[in-house]
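Because the structure is a prediction, the values reported are computed rather than measured.
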Protein chains: 2
Amino acid sequence: MGRARIFDVAAAAGVSVTTVSLVLNNAQSRISEDTRQRVREAADAVGYSASAVARGLRTQRTRIVGLISDQIATTPFAGRMLAGAQDAARENAHMVMLVDTGGDAEVEAEAVRAMTAQQVDAVLYAAMWHRAATAPAGLPAGTVMLDCYPAAGGFRSVVPDDRAGGEAAVRELIAAGHTRIAYLDTSDPEPIASRLRHEGYLAALAEAGIDVDPALHVRGETSAQGGREAADRLLDLPEAQRPTGIFCFNDRMAIGVYTAAHRRGLDIPRDLSVVGYDDQQLVAAELDPPLTTIALPHYEMGRWAMEVALGVRAEGDEDAPHRMECPVIRRDSVGPPPAQVAKRDRRRASHTTEGPRSAAPDQVTDVGVGHQE
Amino acid sequence: MGRARIFDVAAAAGVSVTTVSLVLNNAQSRISEDTRQRVREAADAVGYSASAVARGLRTQRTRIVGLISDQIATTPFAGRMLAGAQDAARENAHMVMLVDTGGDAEVEAEAVRAMTAQQVDAVLYAAMWHRAATAPAGLPAGTVMLDCYPAAGGFRSVVPDDRAGGEAAVRELIAAGHTRIAYLDTSDPEPIASRLRHEGYLAALAEAGIDVDPALHVRGETSAQGGREAADRLLDLPEAQRPTGIFCFNDRMAIGVYTAAHRRGLDIPRDLSVVGYDDQQLVAAELDPPLTTIALPHYEMGRWAMEVALGVRAEGDEDAPHRMECPVIRRDSVGPPPAQVAKRDRRRASHTTEGPRSAAPDQVTDVGVGHQE
DNA sequence: TTGAAAGCGCTAACAC
DNA sequence: GTGTTAGCGCTTTCAA
């Protein structure tokens, strides 16, 4: 039993294929309501659904958009970009064809060729984490880059606003009363995110009138292990210099901070506050206490990119990436600094454990309950 | 500048389109080597790549395989299934078209229609976690199900061998000398995985001649929180009954076990051994100590499913799911039980902390270093 | 060893 | 209001 073709529907309804095509595509109705009815019934009766292949050949529009990614689709990290792109595609009656290159340049070139051969209507080029990317040759004009931006320009792109995110993270700590705030950075040289978040860190400190202490900017490998080692260096600082709040490059490193703190018998957030970055699923919320962190707007970026690629959204500029807000996710890892002599005292108080437990701008943090069972 | 068509290549090479088609498709060469050469050069010169759409219409084979999933593509969990499927597709010159339904039945039905309209050559139906699935109506014959099996039969499928995985996990504990081994199960009623792993648990105990203590089978919500609560119940048991090893339904719950242990000042693995399940990326390995766990063969299942769907692999049976091995990933959360009077003593010894630290069958576990810095 | 030509299933210009 | 028909770009039979 082969699939029904448009001719079969026409025959069943006693009309021409033109008529069938017209009513099924909702063309401006020159067709009588009566005929439309008959056609639709006939189509249902034979279980007709138009061949996208034939239609694509005829119209030269496939309603397929290609998504080339380095790793996002196969890695447990940025999958929600795919969800956003997928949803936007579906809402606009498009399908997504996926190629995950694993970062291999040859596979990537092959993917571009394949997408071209498939005559996709648009392509998205996505990275797993925010970076500058050299777009592979042959990417169609109109391609939009996702979570990365074209090193050489020429494409629209969307990235997280890491600078504002870093600033928000540090403000969170400042609002809780901290003044000795460390930035536990990645040692990976590449990430633009590292630099931007650092800028945000500095900006937040400056805004609050807090002097920056270079000793409070440490680096480590991007892992729990690396986070622990860097945290140890921070916690080994003389008491008057030791940070009471740590802003971590990401949640994985924050895990290490938790470990380092626990090994010293330090309670979070009573003795040490920490803010992560990424809001990594199945990690940040599962820590004890749940980690206050900055979320990456993966879903929103995916949706944005798809909508722009489809021309549904008239934004995007080839000369500057679109930056999307990274919201702060307040959980229980931030509290006021422990009651102790602060290095300086020019900030508004709340330096006692009894003080208001949180000065978060617009939401009361559900402060951790420490060791109580 | 429109794309080149086969006619352009033919003209450039001074041959017919037939010839071009023949040489570019490597048909059994009736074409002279000389002509072939000329054609290839012409094709390169004009940057020709055949339209997959036109070819698909003509041959009625699109070289596209559809992948319908409930969540895997957009969730940070089973993405490696996609990687396996993707790789197998690429190796066989196919593209994958993805629809993530988010579990919505309507979207799913729409996805099936869309795949049909696209005339995909095959479809994979994937679930995020091992379960029985009612295949949506209209799935083409030959569809293969991934990480789920058809509740009503009729499709080939591949799932993890959770029974053997559970058995392996418990054996790991037994081999280290434990006899009081708990199964910290999920309270979610659905998962077949829960049941199968429990069977494996019982089988391993039986094999070792260890009586099962019903008090050692506890359930909790599938989260760190749920794991912690269930672990507390276990650790509140009278000392003689209290487990020295806990096999957890998954890594998330194992996180909770770590928390519960730490709050009591128990060291892992010195005072308590734990084995997880899932080998969840960015979680299991980041715990302190790194978690010994059972991995889900996501990549392999994805690859298997794609190869079977493509007919490259002549396996698969519609009446029984293909089960794939879940390998044990040895890390540092399993050690010998603490030196104390065991409830019974009929098992081979190594009941002292000084004894051989690991009796793992084929690999020496890198035992954790406890509190030492 | 090569070429002419017939479609694959659809849409849309153009007739009626 | 409705139908005829010419392609979209390719593969493949058949003839030369």
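- At whole-Å resolution of the value, CZ in A/Phe7 and P in D/dT5 are 13 Å apart.
- Below 30°, between 30° and 60°, or above 60°: for A/Trp304 and A/His322 the angle between ring planes is below 30°, a parallel geometry.
- B/Val53 comes within 4.0 angstrom of nothing in the nucleic acid, heavy atoms only.
- With rounding to whole Å, A/Leu22 atom CG is found 9 Å from C/dT11 atom C1'.
- Checked by distance alone, B/Ser21 brings no side-chain donor or acceptor within 3.5 Å of a matching partner on the base of D/dT12.
- Side-chain contact, A/Asp87 with A/Tyr299: a donor N or O sits under 3.5 Å from an acceptor N or O.
- Map B/Ser16 and B/Thr59 each onto its nearest nucleotide of DNA chain C; the residue landing nearer the 5' end is B/Ser16.
- Rounded to whole Å, atom C1' of C/dG7 lies 12 Å from atom CG of A/Leu57.
- Of the N and O atoms on the side chains of A/Gln119 and B/Ser51, at least one donor lies less than 3.5 Å from an acceptor on the other residue.
- Listed by residue number, there are no residues of residues 37-52 of chain A with a heavy-atom contact under 4.0 Å to DNA chain D.
- Between B/Glu41 and B/Asp44 the shortest side-chain heavy-atom distance does not fall below 4.5 Å.
- Side chains of A/Glu318 and A/Tyr149: no donor on one and acceptor on the other come within 3.5 Å.
- Going from atom CZ of A/Arg55 over to atom P of C/dT11 covers 5 Å, rounded to whole Å.
- The interatomic distance linking B/Leu24 (CG) with D/dT12 (C1') rounds to 15 Å, in whole Å.
- Map A/Arg58 and B/Val20 each onto its nearest nucleotide of DNA chain D; the residue landing nearer the 5' end is A/Arg58.
- Taking 3.5 Å as the limit, the base of C/dA4 and the side chain of B/Thr18 contain a donor-acceptor pair of atoms between them.
- To the nearest angstrom, P of D/dT12 lies 11 Å from CZ of B/Arg61.
- Whole-Å rounding puts the A/Ile6 CD1 to C/dC8 C1' distance at 14 Å.
- One atom, CD of A/Gln118, and another, C1' of D/dC10, lie 14 Å apart when rounded to the nearest Å.
- A donor-acceptor pair under 3.5 Å links the side-chain atoms of B/Gln86 to the main chain of A/Leu98, judged by distance alone.
- Judged purely by distance below 3.5 Å, without hydrogens or angles, the side chains of B/Ser16 and B/Thr19 pair a donor atom with an acceptor atom.
- Here C/dT1 is the nucleotide among C/dT1, D/dG1, C/dG9 with the atom lying nearest to any side-chain atom of B/Ser32.
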